[in-house]
Amino acid sequence: MPSPEQASLERARELLAEFPVVDGHNDLPWALRSQVRYDLDARDIATDQRAHLHTDLPRLREGGVGAQYWSVYVRSDLPGALTATLEQIDCVRQLIARHPENLRGALTAADMEAARAEGRIASLMGAEGGHSIDNSLAALRGLYALGVRYMTLTHNDNIAWADSATDVPAVGGLSEFGREVVREMNREGMLVDLSHVAATTMRDALDTTAAPVIFSHSSARAVCDHPRNIPDDVLERLPGNGGVAMVTFVPKFVLQAAVDWTAAADGNMRANGFHHLDTTPEAMKVHRAFEETHPRPVATVSTVADHLDHMREVAGVDHIGIGGDYDGTAFTPEGLNDVSGYPNLLAELLDRGWSSTDLAKLTWQNAVRVLGAAEDVARDLQAKRGPSNATLGQLDC
């Protein structure tokens with residue numbers, strides 16, 4: 001007779017076979033760029049890549065993933081960010097072309113359902129940071145035409161028209177051009193992603209948008225006080241907007257002890273003359289010495305489930321999802337070590353009393369619905385007005 005833990009895990013796998021995970025954010029394309037400069041033979045995801053990556057096809061299958069938003073992220077300080085974003089898009093297209101038996105390109109909610117019916121993983125794209133459009137609405141439309149279905153308004157740094165959660169406030173939320181970006185995203189059918197943005201930007205976007213928004217990889221600020229997370233007053237607005245907040249797994253965003261530890265570790269790096277993100281051998285020697293005397297706090301599946309419990313309570317079960325941020329973080333929670341771990345999270349939620357109906361919404365239905373709703377809004381807006389050719393200079397002077 002299986003143990004209660006084994007029974008929950010088996011039930012979780014059965015649920016995922018019917019309603020697989022739509023994951024809102026995976027940085028595999030950037031990992032392939034930074035590790036092997038898109039040499040897809042050197043990192044063949046058809047084979048076990050756990051020595052190098054959180055993601056490969058066997059583990060996606062093991063984890064019950066049915067749709068993945070591949071992040072076409074580029075660093076905000078990278079010269080030629082728009083060109084680099086195009087290279088990231090090309091990487092995703094190459095992956096889909098190389099693995100047609102497992103991956104299916106998806107542009108619409110109907111495409112996602114078709115992939116599920118075929119037993120393939122729907123592959124969508126999200127651009128992480130408004131710097132990727134170089135202050136151009138035409139570039140925004142170009143990314144949409146190439147298949148990008150959400151754009152995170154900022155990454156870690158402010159841009160000319162929007163404040164980031166992790167930068168010094170400059171704009172005060174969204175500028176007038178930033179609001180026009182949101183309106184044009186609505187007209188195209190591109191989801192407005194509010195992960196990474198300042199709370200003021202979240203509120204301005206919700207005041208502006210005609211379509212549901214998403215948070216592709218953010219957790220609850222009331223559970224872990226990090227600016228990357230979502231305040232309760234914003235979560236409370238999601239039912240009225242129709243949007244979805246997708247919990248992330250990054251330990252320093254979900255575990256308060258990890259937030260505090262990271263701040264101390266970063267301070268130690270700066271005190272020793274290094275940037276806190278420096279990964280040179282000399283810098284890592286300093287970091288390892290700190291970690292030996294200050295052990296890193298470890299997040300778990302239960303840590304992430306605490307966020308989902310809170311987000312469900314505040315926003316409602318129709319407005320939550322999953323966005324792990326695999327291959328975009330150096331550390332992961334125990335039990336969610338890579339993309340094979342989603343059944344462990346569902347098993348934990350089952351043990352906490354979540355129903356099969358709740359979990360179907362969390363994994364699949366909410367994310368598919370929100371993309372379909374954005375498509376509906378776009379059809380309506382396109383019948384009323386044409387593309388905007390406004391510029392940053394015109395609107396923000």
Side-chain angles (χ1 to χ4, degrees), residues 69 71-90 92-93 107-108 124-155 157-164 170-198 200-214 216 241 243 370-397:
Y69 278 95
S71 175
V72 291
Y73 156 81
V74 300
R75 290 202 324 260
S76 57
D77 62 348
L78 191 69
L82 180 53
T83 299
T85 302
L86 297 178
E87 292 171 349
Q88 291 280 87
I89 291 170
D90 183 69
V92 174
R93 288 181 156 190
L107 301 175
T108 65
L124 305 101
M125 290 183 279
E128 190 175 17
H131 59 283
S132 291
I133 64 169
D134 195 23
N135 300 327
S136 167
L137 296 180
L140 175 72
R141 292 189 288 271
L143 293 187
Y144 184 84
L146 290 171
V148 173
R149 287 302 177 264
Y150 76 65
M151 185 174 74
T152 320
L153 298 186
T154 73
H155 190 241
D157 306 311
N158 295 340
I159 55 177
W161 44 269
D163 281 342
S164 168
V171 178
L174 283 176
S175 72
E176 187 52 44
F177 182 76
R179 292 182 177 87
E180 188 72 356
V181 170
V182 169
R183 288 188 284 264
E184 195 64 8
M185 291 173 74
N186 291 167
R187 201 197 69 85
E188 286 292 302
M190 185 185 288
L191 289 165
V192 176
D193 177 22
L194 300 180
S195 286
H196 277 288
V197 308
T200 50
T201 306
M202 298 176 193
R203 296 175 188 121
D204 282 355
L206 284 165
D207 289 342
T208 304
T209 185
V213 303
I214 64 165
S216 66
N241 166 263
V370 77
L371 181 59
E375 295 166 21
D376 292 341
V377 169
R379 278 190 290 270
D380 182 60
L381 292 176
Q382 288 170 18
K384 295 175 180 177
R385 67 174 178 86
S388 171
N389 292 307
T391 67
L392 181 72
Q394 288 172 340
L395 296 185
D396 291 349
C397 300

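All figures in this text were calculated on a predicted structure; none of them were measured in a lab. We number each residue from 1, following the sequence as shown.
- Contacts of Asp157 classified as salt bridge (Lys or Arg N to Asp or Glu O under 4.0 Å), with partners at least two apart in sequence or in another chain: none.
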Check residues 390-397 and write down every donor-acceptor pair under 3.5 Å in which the side-chain atom is one partner and the other belongs to a residue at least two apart or another chain.
unit_1: Thr391; atom_1: OG1; unit_2: Gln394; atom_2: N; d: 3.0
unit_1: Gln394; atom_1: OE1; unit_2: Thr391; atom_2: N; d: 3.1
unit_1: Asp396; atom_1: OD1; unit_2: Ser175; atom_2: OG; d: 3.4
unit_1: Asp396; atom_1: OD1; unit_2: Glu176; atom_2: N; d: 3.3
unit_1: Asp396; atom_1: OD1; unit_2: Phe177; atom_2: N; d: 3.0
unit_1: Asp396; atom_1: OD2; unit_2: Ser175; atom_2: OG; d: 2.6

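- Residue His155 holds its NE2 atom at 7.5 Å from OG of Ser76, rounded to the nearest 0.5 Å.
- Contact annotation: the side chain of Met125 never approaches that of Leu146 to less than 4.5 Å [non-hydrogen atoms, C-beta and beyond].
- Checked against side chain to side chain contact (heavy atoms under 4.5 Å, CB included), Ala211 has the following partners two or more places apart in sequence or in another chain: Asn186, Thr209, Val377.
- Counting heavy atoms from C-beta on, the side chains of Glu188 and Met151 never come closer than 4.5 Å.
- The backbone N or O of Asp163 sits less than 3.5 Å from a side-chain atom of Thr201, completing a donor-acceptor pair.
- Applying the salt bridge (Lys or Arg N to Asp or Glu O under 4.0 Å) test to residues at least two apart or on different chains, the pairs with a partner in residues 130-146 are Arg141-Glu184.
- For His131, the ring-ring contact (aromatic ring centres under 6.0 Å, His included) criterion is met by no residue, not counting sequence neighbours.
- Counting only heavy atoms from C-beta outward, the side chains of Leu143 and Leu82 approach each other to under 4.5 Å.
- Among residues two or more places apart in sequence or in another chain, the side chain to side chain contact (heavy atoms under 4.5 Å, CB included) test is passed with Asp204 by Leu174, Arg179, Asp207.
- Heavy atoms only, all atoms of each residue included: Pro212 and Ala374 are closest at CD-N, 4.4 Å.
- Minimum heavy-atom separation, Leu153 to Met185: CD2-SD, 3.9 Å.
- Looking only at distances, a side-chain donor or acceptor of Ser195 sits under 3.5 Å from a matching main-chain atom of Ser216.
- Between Leu194 and Ala205, the shortest heavy-atom distance links the atoms CD2-CB, 3.6 Å.
- Heavy atoms only, all atoms of each residue included: Ala127 and Val148 are closest at N-CG1, 3.7 Å.
- Every pair passing salt bridge (Lys or Arg N to Asp or Glu O under 4.0 Å) that includes a residue from residues 76-85 is listed here, sequence neighbours excluded: Arg75-Asp77.
- In this view, Ala84 and Arg33, Val74, Leu78, Glu87 satisfy the side chain to side chain contact (heavy atoms under 4.5 Å, CB included) rule, not counting sequence neighbours.
- Summarising the geometry, atom CD1 belonging to Ile133 is positioned 10.5 Å from atom OG1 belonging to Thr85; distances are rounded to the nearest 0.5 Å.
- Note on residues 134-153: pairs passing ring-ring contact (aromatic ring centres under 6.0 Å, His included), not counting sequence neighbours, are Tyr69-Tyr150.
- Pairs passing the salt bridge (Lys or Arg N to Asp or Glu O under 4.0 Å) check and including a residue from residues 144-154, sequence neighbours excluded, do not occur.
- Residues meeting the side chain to side chain contact (heavy atoms under 4.5 Å, CB included) test with Gln382, sequence neighbours left out: Arg187, Ala378.
- Under the rule for a side chain to side chain donor-acceptor pair (under 3.5 Å), the partners of Gln88 that lie at least two apart in sequence or sit in another chain are Tyr38.
- In this structure, the separation between CG on Leu371 and CD1 on Ile214 is 9.0 Å, given to the nearest 0.5 Å.
- Taking the charged nitrogens against the carboxylate oxygens, Arg379 and Asp376 do have a contact shorter than 4.0 Å, which makes a salt bridge.
- Without hydrogens or angle criteria, Asn158 side chain to Val171 main chain gives no donor-acceptor distance under 3.5 Å.
- Looking at every heavy atom in both residues, Ala162 comes nearest to Thr154 through CB-CG2, 3.6 Å.
- Separation of atoms CE (Met190) and CG (Leu140) is listed at 4.5 Å; rounding is to 0.5 Å.
- For the pair Asn389/Leu137, no side-chain contact is recorded, criterion being any heavy-atom separation below 4.5 Å from C-beta on.
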